[in-house]
Amino acid sequence: MRFSQSLIPTLREPPANAEIPSHILLLRAGMIRQLASGLFTWLPLGVRVLQKIERIVRQELTKRGACEILMPFVQPAELWRESERWDAMGPDLARLADRHKNEYCLSPTHEEVVTDLFRNNISSYRQLPCNLFQINTKFRDEIRPRFGVLRSREFIMKDAYSFHLDEETFNETYRAMYDAYSAVLERLDLEYRAVQADPGLIGDGESHEFHVLAQVGEDALAFSENSSYAANVERAEAIAVGARPDPSHQLEKVSTPGIASIDSLVQFLGIERDQVAKTIVARGANSPIALVLRGDHELNELKAARLPDVLQPLQFASDAEIERAFNCRPGSIGPVGTEVPVYVDRAAANLSDFACGANENDFHYTGVNWERDVACDRVVDIRRVREGDPAPDGSGPLSIVRGIEVGHIFQLGTKYSKSMQASVLDSDGKNTYPLMGCYGIGITRLAAAIVEQRHDDIGIDWPIEAAPATVHIISLNAERSELVQQTAEKVYDECLGAGVDAIYDDRSERPGVKFADADLIGIPHRIMIGERGMQRNQVEYRFRRGEIEAIAPSSVVERLRS
RNA sequence: CGGAGUGUAGCUCAGUUUGGCAGAGCGCUGCCUUCGGGAGGCAGAGGCCGCCGGUUCAAAUCCGGCCACUCCGACCA
């Protein structure tokens with residue numbers, strides 16, 4: 001690829017509407033341009049990165065028996081009605097009609113189409129298990145696209161779907177996909193974590209997310225330093241340590257005028273936040289539901305939403321609803337003496353002699369004890385884990401890091417095979433609904449995640465396997481030296497001839513400009529050809545920010561391979 | 001959808017308060033000089049000042065409406 005004949009519009013200054021490193025650098029390096037909110041054009045260098053990533057993904061998947069297909073991006077509403085997702089999906093699903101007024105959607109995911117393909121073409125257990133994947137465009141009409149290509153509306157995703165007659169082969173494929181995803185991220189030289197994840201509305205089985213560690217990551221991950229335990233914080237189990245101490249104080253009702261928050265209460269009473277029980281009220285199917293946490297803990301809304309009778313998704317009760325249920329303002333509520341169902345978090349259930357609202361305006365209780373003063377029969381895990389909490393496998397404290405979710409694998413069970421009548425005959429000649437698995441990798445997001453994790457003050461630091469080219473060849477002041485010009489051309493030709501992917505900066509720019517662009521673009525191997533070295537028939541090799549090494553022009557290909 | 005901000009040249013931004021010739025730097029074109037880490041000079045090209053309407057002798061600037069983009073929040077198989 002010749003720089004002068006490609007489209008590589010590098011920018012000296014960071015664009016005004018980009019804030020995070022990957023967005024800024026992909027724009028500055030001339031790899032992407034934004035068309036509209038959440039919609040991006042990939043320019044030549046960017047496309048090469050995507051192709052490199054896709055290549056790795058293809059290799060790792062086909063190696064493990066998955067077969068590539070390509071499904072339509074525009075899909076008939078009929079299929080989505082069969083799976084009952086046409087209505088369930090809401091406004092994230094972009095809908096359109098054709099000239100005959102038939103309804104369609106832009107695909108946010110392909111379960112429906114792949115299940116339809118399966119039921120029309122596979123009817124025997126002999127053809128299972130079966131694992132199909134594609135690399136294709138997706139569209140999700142996000143409420144708020146952000147972070148450049150990290151959360152765009154249109155994006156490229158590798159999605160795979162597997163079909164199984166039994167748990168065993170499902171587990172084998174699940175494991176194989178887990179390994180494939182790990183291998184992809186290893187080859188990209190990324191610091192990543194595979195974590196237990198919330199399976200979401202789909203399915204209810206095991207689920208793992210693959211996260212590239214980065215500050216801008218939207219997810220918090222909890223992991224144990226001493227074991228393999230790792231989970232998305234939204235899913236990580238919080239355990240309570242030790243047992244509840246015996247009561248030593250009497251229950252006492254205290255006048256607390258104007259005290260309506262945990263902070264003001266602990267200050268007023270001169271106690272710590274972890275000696276207070278706080279009560280949060282969620283809307284339930286029949287009545288409001290009280291959720292009790294220790295004062296220093298935070299509610300995990302996903303966990304709370306899974307409690308019986310709590311509305312899903314979780315909704316908090318309004319102030320008016322709370323006043324009606326507790327006969328006092330929200331700042332004075334507590335579990336003692338209330339009629340509403342009370343769920344107590346494990347840590348809160350371990351409290352004794354604690355403080356909480358008295359369900360009477362401007363009054364709190366102190367010296368409260370479970371069982372003695374208030375029932376505690378619904379102890380549940382509803383809090384968000386924090387740094388330093390004990391890992392649920394007992395291996396020590398949890399650490400928390402931020403990650404970008406680039407992959408997700410999970411079980412679909414028989415949700416789609418049943419709703420869409422995709423059955424096969426088993427060896428006894430009986431109709432059976434196959435188990436399905438679903439596996440996704442965000443290709444465009446992965447490209448951005450790489451930049452997010454691997455960049456410095458001068459530009460991007462592409463892993464070799466994802467770099468837009470293997471080598472960046474720079475000629476220095478070639479228009480003043482026939483020899484430099486000819487040598488650069490020759491080196492470039494030899495690279496191409498040897499199958500080495502090269503970008504050749506043949507522009508008549510000053511050296512400083514070329515160096516700066518090369519740093520920004522971030523191809524790790526660099527060859528510089530200038531008059532200075534030519535005097536001794538040498539060119540210069542440099543691996544990103546490393547020492548400069550003088551080598552013979554004829555040995556470039558060899559050097560790159562070593 | 002709630003809150004905040006920004007829209008002026010390809011990019012980054014002045015100019016808007018107080019209405020009066022459309023500006024700078026970078027980039028781009030040509031010439032000269034320079035030439036191993038984003039050089040310098042001269043001459044140029046490039047504008048629906050987001051859009052629509054209003055006020056005014058006169059609107060980038062004031063008023064009203066709309067749109068787009070960014071950020072925070074809610075949301076996110």
Side-chain angles (χ1 to χ4, degrees), chain A residues 7 9-20 23-24 27-28 30 33-40 80 83-85 88-93 105 107-112 138-148 150-153 155 157 159 161 197-204 207 209 216 218-219 232 234 301-302 305 313-316 405 407-412 415-416 436 438-440 442 445 458-459 474-481 484 505 507-520 526 528-535 539-540 542 545 548 550:
Chain A
L7 176 60
T10 57
L11 300 171
R12 192 180 293 208
E13 293 177 88
N17 62 0
E19 307 244 332
I20 63 162
H23 193 193
I24 292 171
L27 284 165
R28 285 193 58 213
R33 282 297 180 266
Q34 182 165 344
L35 175 67
S37 181
L39 303 175
F40 292 86
W80 287 74
S83 68
E84 296 178 337
R85 286 212 292 182
M89 286 290 285
D92 271 17
L93 187 65
C105 64
S107 175
T109 173
H110 279 71
E111 283 87 0
E112 280 77 2
K138 297 277 184 282
F139 188 88
R140 295 178 191 177
D141 197 359
E142 298 274 354
I143 297 175
R144 182 152 93 83
R146 61 182 115 182
F147 304 143
L150 267 184
R151 180 179 284 286
S152 55
R153 291 191 292 175
F155 56 96
M157 181 166 167
D159 47 329
Y161 306 89
D198 187 84
L201 296 176
I202 280 186
D204 43 30
S207 167
E209 289 167 353
V216 300
E218 292 189 79
D219 290 273
N232 194 310
E234 65 183 23
E301 300 189 15
L302 272 175
L314 185 77
Q315 297 169 26
F316 294 111
E405 181 190 347
H408 196 170
I409 59 178
F410 52 97
Q411 304 184 21
L412 295 174
K415 177 178 159 73
Y416 293 94
M436 290 174 63
C438 175
Y439 320 87
R445 178 179 282 186
I458 58 170
I474 296 173
S475 63
L476 302 168
N477 296 317
E479 51 293 324
R480 285 190 298 135
S481 161
V484 168
D505 192 346
R507 297 174 300 170
S508 53
E509 289 289 349
R510 294 163 53 83
V513 173
K514 292 190 177 188
F515 291 143
D517 276 346
D519 290 338
L520 184 59
R526 191 185 298 182
M528 290 160 288
I529 301 157
E531 186 63 39
R532 198 189 278 173
M534 276 295 92
Q535 291 165 1
V539 299
E540 290 156 18
R542 188 182 191 196
R545 296 202 129 171
I548 292 173

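By convention in this document, chain letters (A, B, ...) are assigned in the order of the sequence lines, proteins followed by strands, and residues within each chain are numbered from 1.
- For the side chain to side chain contact (heavy atoms under 4.5 Å, CB included) with A/Phe139, the qualifying choice from A/Asp92, A/Leu39, A/Leu93 is A/Leu39, the only one to do so.
- Atom CZ in A/Arg151 sits 11.5 Å away from atom CD1 in A/Ile20 (nearest 0.5 Å).
- Between the CZ atom of A/Arg33 and the P atom of B/rC69 there is a distance of 18 Å, rounded to whole Å.
- Rounding to the nearest 0.5 Å gives a distance of 9.5 Å between SG of A/Cys105 and CZ of A/Arg85.
- Counting all heavy atoms, side chain and backbone alike, A/Leu11 lies closest to A/Leu520 at O-CD2, 4.0 Å.
- A/Asn232 contributes atom CG, which lies 4.5 Å from atom CD of A/Glu209 (distance to the nearest 0.5 angstrom).
- Taking atom CD of residue A/Glu84 and atom C1' of nucleotide B/rA77, one finds them 16 Å apart after rounding to whole Å.
- Among the atoms of the strands shown, none is found under 4.0 Å from any heavy atom of A/Phe316.
- Comparing A/Gly148 and A/Lys514 by the nucleotide of RNA chain B that holds the closest heavy atom to each, the one mapping nearer the 5' end is A/Lys514.
- A/Glu112 and A/Ser83 share a donor-acceptor pair across their side chains, judged by distance under 3.5 Å alone.
- On a pure distance criterion of 3.5 Å, no polar donor-acceptor pair joins the side chain of A/Arg85 and the base of B/rA77.
- For the C1' atoms, the distance from B/rG7 to B/rC52 is 16 Å, rounded to whole Å.
- Of the two residues contacting RNA chain B, namely A/Phe147 and A/Glu405, the nearest-nucleotide position lying further toward the 5' end is that of A/Phe147.
- Summarising the geometry, atom CD belonging to A/Glu13 is positioned 13.5 Å from atom CG belonging to A/Leu27; distances are rounded to the nearest 0.5 Å.
- Using a 4.0 Å heavy-atom cutoff across all strands shown, A/Thr109 reaches no nucleic acid atom at all.
- When both pairing distances are held under 3.5 Å, B/rG47 makes no Watson-Crick or G-U pair with any nucleotide shown.
- Separation of the P atoms belonging to B/rU6 and B/rU17 is 15 Å when rounded to the nearest angstrom.
- The nearest whole Å value for the distance from the CD atom in A/Glu142 to the P atom in B/rC76 is 11 Å.
- Look at the P atom in both B/rG46 and B/rG10: the space between them is 12 Å, to the nearest Å.
- For the pair A/Arg144 and B/rC72, the criterion of a side-chain N or O lying under 4.0 Å from OP1 or OP2 is met.
- Nucleic acid contact for A/Arg28: base, since at least one base atom lies under 4.0 Å from a heavy atom of the residue.
- Distances shorter than 4.0 Å separate some side-chain N or O of A/Ser37 from OP1 or OP2 on B/rU70.
- We find that CD of A/Glu111 is positioned 12 Å from P of B/rA77, with the value rounded to whole Å.
- Atom CD of A/Glu301 and atom P of B/rG73 are 13 Å apart (whole Å).
- Nucleotides B/rU16 and B/rU61, compared at atom P, are 12 Å apart to the nearest Å.
- Of the possible polar contacts, none joining the A/Arg33 side chain to the A/Phe40 backbone as a donor-acceptor pair under 3.5 Å is found.
- Between the P atoms of B/rA45 and B/rG40, the separation comes to 22 Å (whole Å).
- The partner of B/rG7 is B/rC67, judged by Watson-Crick or G-U wobble contacts that both fall below 3.5 Å.
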I'd like a table of atom pairs between the protein and nucleotides 34-36 of chain B - only N or O on both sides, under 3.5 Å - with the distance next to each one.
unit_1	atom_1	unit_2	atom_2	d
B/rU34	O2	A/Arg510	NH1	3.0
B/rC35	O2'	A/Asn477	ND2	2.7
B/rC35	O2'	A/Arg480	NH2	2.6
B/rC35	O2	A/Asn477	OD1	2.8
B/rG36	O2'	A/Arg532	NH2	2.3
B/rG36	O6	A/Arg532	N	3.4
B/rG36	N1	A/Glu540	OE1	3.1
B/rG36	N1	A/Glu540	OE2	3.0
B/rG36	N2	A/Glu540	OE1	2.3

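- With A/Arg140 contributing its side chain and A/Pro108 its backbone, the two residues share a donor-acceptor pair below 3.5 Å.
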Nucleotide N/O to protein N/O under 3.5 Å, stretch nucleotides 4-11 of chain B:
none

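- Proximity note for A/Phe410 (side chain, C-beta onward) versus B/rA77, B/rC69, B/rC75: the nearest is B/rA77.
- Put simply, A/Gln34 has a side-chain N or O that comes within less than 4.0 Å of OP1 or OP2 on B/rU70.
- A/Arg12 has no side-chain polar atom (N or O) that falls below the 4.0 Å cut-off from OP1 or OP2 of B/rU12.
- Distance check on atom C1': B/rG30 versus B/rA24 gives 22 Å, rounded to whole Å.
- Checking B/rC1 for Watson-Crick or G-U wobble geometry (two distances, each under 3.5 Å) identifies B/rG73 as its partner.
- At the heavy-atom level, A/Arg542 lies under 4.0 Å from base atoms of the strands shown.
- Straight-line distance from the CZ atom of A/Arg507 to the P atom of B/rG27: 12 Å, rounded to whole Å.
- Look at B/rG19: it lacks any Watson-Crick or wobble partner with both distances under 3.5 angstrom.
- Not one N or O on the side chain of A/Arg480 forms a donor-acceptor pair closer than 3.5 Å with the backbone of A/Glu531.
- Counting atom types as modelled, A/Arg151 pairs a side-chain N or O with a base atom of B/rC76 as donor and acceptor under 3.5 Å.
- Distance alone, capped at 3.5 Å, places no donor-acceptor pair between the A/Glu142 side chain and the A/Arg144 backbone.
- B/rU61 is unpaired under the Watson-Crick or G-U wobble criterion, no partner having all donor-acceptor distances under 3.5 Å.
- For the C1' atoms, the distance from B/rG44 to B/rC49 is 23 Å, rounded to whole Å.
- Nucleic acid contact class of A/Arg545 (heavy atoms, under 4.0 Å, all strands): none.
- Here the shortest heavy-atom pairing between A/Arg507 and A/Lys514 reads O-NZ, 2.7 Å.
- On the P atoms, B/rU56 is 16 Å away from B/rG19, given to the nearest whole Å.
- A/Arg510 is linked by a salt bridge (Lys or Arg N to Asp or Glu O under 4.0 Å) to nothing, counting only residues two or more places apart in sequence or in another chain.
- Partner assigned to B/rA24 is B/rU12, using Watson-Crick or G-U wobble distances below 3.5 angstrom.
- In this entry the distance linking CZ of A/Arg146 with P of B/rC76 reads 12 Å, nearest Å.
- Rounded to an integer number of Å, the gap from CG of A/Asn17 to C1' of B/rU12 is 12 Å.
- Base pairing analysis places B/rG36 opposite nothing; no Watson-Crick or G-U wobble pair with both distances below 3.5 Å involves it.
- At the heavy-atom level, A/Glu19 lies under 4.0 Å from the strands shown only through sugar-phosphate atoms.
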